[in-house]
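Worksheet: the structure to be examined is printed underneath.
One-based numbering, in listed order, for ligands and for the atoms of each.
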Amino acid sequence: MKKLRLLVQVGFVLFSAYLGLRHQIVGGGPSGAGPIDAFCPYGAFEALPILLIEGTFISKTAVSNLWILAALVAGLLVVGPVFCGWICPLGSLGEWLYGLRKRIAAVKLEPGKALARQLTWGRAVMFVLILFMSWRTKSIWFENIDPYKAIFHMNVESVAALSLILGFVAISLLVERAWCRWLCPLGIFNGFVGKLSLFKIRRNETSCIHCQACSRACPVRIPVAEVQAVSDDRCVGCQRCVEACPVKNTLQIQSSPSLGKRIMKPTMAGIVAVGLFIAIVGGAQATGFWKSNDTRSIAQISSTAELKGWMKWGEVVDRFKVDEAALAKELKLSPGYKRDATLKELGHKNGFETKDVGKAIEKLKKK
Ligand code: SF4
Ligand code: SF4
């Protein structure tokens, strides 16, 4: 199982890097490729508040986010949070960084049990904060503090992005799966839905010799040897505990008694979760229901909240019928800019973001 899991993890990390690079090379918009934000299940939660209220996706999110969330939920309902331990590229990078550090310095750094448990609330705080801020700012606010975006965007565009990457590397080197345990907003959702999964890791109290091998193997410090079934919201579905158990038929992935206590091998749990993920995402693509980039032209957008970085300055000015000189002054645009430059290009040179253009237009309209 170890080799297969590593192979799957490497595959998803490389594929995510490819998606980020592809966006950098061909750009966004109708003829480009979706940004890396469109390939994250949490993007669906960020998009939902405005999608439900206004019927539009906020910038950098798309229907692809909903499909990825659906694929994640399907896996959760069958085999639990295997997505985190097998598919999530950020989780894999964190795991490898810690593994590397352990080879260099084998010391185990771990906060006390009580503190470690309290820190898990960080995920709930992140979940609620990001939902609220996405709704409030009508933007993908999480990208400002999201290490997945900073890393797989494949272009470090600001000091803030570099700080995020360094911060993620630092906590991953220090404590095993620190991001997953204490900060990942998806973790709290996975834990909640994972409680409903058909198959769970169950321990046979009668044959268990209480050697603690399972608890020691767990990267998120779940006391597996002390529970009957793993339903802890910190579980990342890596199956390392099952592999570590030295007593046959003692720690197994088992369905509930109402489903006949069927056993699933750890490798099969990974195959099922990854298979469901690929089948749902691939199915959406094959049937034309997949969309990861905004294919609308500037004429088709209805509000300044829908402005995108690939849109051209001149087209934006004409579309919203705004005084160009006043807008340039508002955004402190250096003289000599080109009308066919994109908002992203001008933003880089003049220190503003695409959403600032929308805000400036709205401000001028009110005058
Ligand atoms: S070792 Fe077992 S309990 Fe711990 S995260 Fe992996 S699957 Fe979950
Ligand atoms: S590794 Fe197996 S035998 Fe040892 S404590 Fe865990 S479940 Fe029991």
His348 and Glu353 side chains, donor-acceptor separation under 3.5 Å = no

ask   = Going by atom types alone, do His153 and Gln24 pair a side-chain donor with an acceptor below 3.5 Å?
value = yes

message = Tell me whether Tyr98 shares a hydrophobic cluster with Ile151, the cluster being built from Ile, Leu, Val, Met, Phe, Trp, Tyr side chains joined at under 4.5 Å.
response = no

key: Among Val242, Val236, Ile201, closest by any non-hydrogen atom to atom 5 (S) of ligand 1   = Val236

Glu95/Arg5 salt bridge by N-O under 4.0 Å criterion = yes

query = Hey, any chance Ile171 and Leu164 share a hydrophobic cluster, counting ILVMFWY side chains that come within less than 4.5 Å of each other, even indirectly?
reply = no

task = Would you tell me which option among Pro223, Cys84, Cys235 has the nearest heavy-atom contact to atom 8 (Fe) of ligand 1?
result = Cys235

remark   = atom 2 (Fe) of ligand 1: closest protein heavy atom, distance to 0.1 Å, is Cys241 SG, 2.3 Å

inquiry  = Between Thr61 and Asp37, is there a side-chain donor-acceptor contact under 3.5 Å, judged purely by atom types and distance?
reply    = no

query = Among all protein non-hydrogen atoms, which one is nearest to atom 6 (Fe) of ligand 1, and what is the separation to 0.1 Å?
reply = Cys238 SG, 2.3 Å

Distance criterion under 2.8 Å: protein N/O/S atoms around atom 4 (Fe) of ligand 2 = 1

key: Element-labelled atoms of ligand 2 that are located less than 4.0 Å from some non-hydrogen atom of Arg203   = 7 (S)

Positive for ring-ring contact (aromatic ring centres under 6.0 Å, His included) with Tyr42, one of Phe127, Trp141, Tyr148 = Phe127

Ligand-side contact atoms (ligand 1) for residue partner Gln239, heavy atom cut-off under 4.0 Å = 6 (Fe), 7 (S)

message = Check Asp323 with Lys329, please: is the shortest side-chain N to carboxylate O separation under 4.0 Å?
response = no

request  = Please write down residue, atom name and distance for the protein heavy atom closest to atom 4 (Fe) of ligand 1.
outcome  = Cys218 SG, 2.4 Å

Atom indices of ligand 1, in the order listed, that fall short of 4.0 Å to a heavy atom of Val224 = 3 (S)

message = I'd like to check which ligand 1 atoms, numbered from 1 as shown, lie under 4.0 Å from a non-hydrogen atom of Val220.
response = 5 (S)

For residues 259-269, please give each side-chain donor-acceptor pair under 3.5 Å, one per line with the distance, not counting sequence neighbours.
none

query = With no hydrogens and no angle check, is any side-chain donor or acceptor of Arg216 less than 3.5 Å from a backbone partner on Cys211?
reply = yes

message = Are Leu7 and Ile271 connected into the same hydrophobic cluster when the rule is that any two of I, L, V, M, F, W, Y join if their side-chain heavy atoms are below 4.5 Å apart?
response = no

inquiry  = Looking at ligand 1, is there an atom of it that comes within less than 4.0 Å of some heavy atom belonging to Pro219?
reply    = yes

